[in-house]
Amino acid sequence: MEKDTHFILGVYDDEDVLLHAVEQVRGTGVKIHEVYSPYPVHGLEHVLGYKRSRLPIAAFLFGMLGTTLALTMQFYMMKFDWPMIIGGKNHAAFPDFIPVSFELTVLLASFGMVSVFMISSNLKPWAQPRIFDLRSTDDKHIMAIDIANNSAIEVDQIKEILRSSGATEVNNKSFE
Amino acid sequence: MQVTSSVREPLVTGGKTYHDVTHDVSRHVEAKPNIRWFLAFLTSAGVLALGSIAVVATVWEGIGMWGLNKTVGWAWDITNFVWWVGIGHAGTLISAVLLLFRQKWRTSINRAAEAMTIFAVICAAMFPVLHMGRPWLGAYWALPLPNTFGSLWVNFNSPLLWDVFAISTYFSVSLVFWYIGLIPDFATIRDRATGLRKTIYGALSFGWDGAAKSWMRYESVSLILAGLATPLVLSVHTIVSFDFATSVIPGWHTTIFPPYFVAGAIFSGFAMVLTLMIITRKVYQLEDYITMGHIELMNIVIIITGSIVGIAYITEFFIAWYSGVEAEQYAFINRATGPYWWAYWSMMTCNVISPQLFWFKKIRTSIVATFILSLVVNIGMWFERFVIIVTSLHRDFLPSSWAMFYPSWADVGVYLFTFGLFFTLFFLFAKFFPVINMAEVKSVLKSSSEKVHK
């Protein structure tokens, strides 16, 4: 990052206080950079105004790809490339192809969706995340507010809003 | 908003705070392993080394080292294969099916149960791989690759090939499901650590930061993976049962096999989860997380699945009689009264009678009784597979070729090898990985009951 970024952090102990706080802070017009939690807080994405994740669509598309590949492969191998008579059965024995098609559907849907999740959330072994507060993976919820994005509001005023919304601590954090 | 209940018992006892959860689980990863862990680890590594002799002998000399003969061509190895795969069913069932049913008690046990699943499937895979005789060529035989002489493909009409796809898909999807859950917990350990541990767990945590957007996607991924893994877990043992059910051997050729095998798999899987969790909670002092409530609920699953298995045994017998097919009738009479009567009655006692003891609240809430019965159930489930496989084969259509099966030392050794492998992997997991899913336990800490409120 070429320029310094400065954040104000609101530290919350309780998930219910946090949910109300997010609504209050957004109500005053302050833009929240992101909220960091040690565990998934239900409804947080809703009060933050995030759009529903489209990962299920990715899973469906990858699943369809899996089914198509599996059926194409089996029909090609068993019916066209090297037809064999096995127990007098039809070469294109569709019921026999269902188990493998199902397994490959599940395999591609899972791996495809997880890959999309890894890419979209920037999860990789060499990733260097910006840690705002080490306690955000332990027991505190951290609301980060980017000062540059809220130039219309005074810094002290933002801090006051955070305190009145139930933050137990209000800190500054800068990244180079 | 969270819904709290004043009626339900809290899922986590002892008035734990969020920080306590982090501390109670992470400290086992951070502390130096104690002498008990070393003893347990060295014992299982010793069993692994001892069993390796049998594995080397099998690969070096060939399958002739096993006790198979021309009548009983499938016995010890496939029994162990089905037994381990069955055990490998509880983990994904707990994490996927119970997630879909919103059973929040799963959060304390899903991590270890999933680890157990993965290790059990690895053990199961040893048997078909070794039975190939030349396992290094296995990829040519099992995967859809044309053979060296032309484009002769694998046979997609064969349930054995379906098994290859089912087991490998089940293994990879379970591994991914498990690892996705581990990422936030590795991040927790990373943020408590310094030096080398911080680097290692930093890499393992994939740079997780706990952002609300990441959690939203994480939840979405968990739900879809659970939705995919639920039919998957049912399909795996269904397909394993097809190995037998699609054949024309009396005693195997029955349509009841898929549901009967799936129930048996869940039955033995929960028993193995109980065996391991009772030890883990004691050694790691996790009694507040894996409570008596958890043990009781798992015992109830054992009663239900055990009863389904019992009904299946009786139904098989009835259908054999009702079918009017003499070969089928003889196969079942021979099971109960033939030379393998002791295996059959061990199976009946361990699987049908002993789990019924859990109807008594005193027994299903007793640690000692649960531990003993969990071992009994797994012994019974081993005999179930042995009975189905060996008794159906050893007296086949031609009485002149009737034979008995006796395991060789190599058979026993390979089985020991998988035990060593399973426990070595489990002890390594218990030392270096958080044994309880901290993030998920924290998410149910407050909502599970108002008794937890500070």
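Here is the naming used below: chain letters follow the sequence lines, and residue numbers restart at 1 for every chain. Nothing here was measured: the structure is a model prediction, and the numbers come from that model.
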> Using non-hydrogen atoms only, which part of A/Ala59 is less than 4.5 Å away from chain B: side chain, backbone, both, or neither?
Replying inline: side chain
>> Need one label for A/Leu44: side chain, backbone, both or neither, based on atoms under 4.5 Å from any heavy atom in chain B.
In response: side chain
> Are the ring centres of A/Phe97 and A/Phe75 closer than 6.0 Å?
Replying inline: yes
>> Just so I understand: if I count every heavy-atom pair under 4.5 Å between each of B/Ala211, B/Ala229, B/Ser214 and chain A, which residue has the most?
In response: B/Ala211
> Hey, which of B/Thr246, B/Val21, B/Ile180 has the most heavy atom pairs under 4.5 Å with chain A?
Replying inline: B/Ile180
>> Tell me whether A/Tyr39 contacts the main-chain N or O of B/Tyr18 through its side chain, where contact means a donor paired with an acceptor under 3.5 Å.
In response: no
> Hey, is the main chain of A/Leu55 close enough, under 3.5 Å, to the side chain of B/Arg217 for a donor-acceptor pair?
Replying inline: no
Between [X] and chain A, which part of the residue has a heavy atom less than 4.5 Å away: side chain, backbone, both or neither?
| X | result |
| --- | --- |
| B/Val441 | neither |
| B/Arg190 | side chain |
| B/Val176 | side chain |
| B/Ile239 | side chain |

> Taking the inter-plane angle between the rings of B/Tyr179 and B/Phe206 on a 0 to 90° scale, is it parallel (under 30°), tilted (30 to 60°) or perpendicular (over 60°)?
Replying inline: tilted
> Under 30°, 30 to 60°, or over 60°: which ring-plane class applies to A/His33 and A/Tyr36, parallel, tilted or perpendicular?
Replying inline: tilted
>> Before you tell me yes or no, could you show the steps for B/Asp185 and B/Thr188 under side-chain hydrogen bond (donor to acceptor under 3.5 Å, both in side chains), namely the whole-Å CA-CA distance, both residues' side-chain angles and the distance that decides it to 0.1 Å?
In response: CA-CA 5 Å; B/Asp185 282 2; B/Thr188 302; 4.6 Å; no
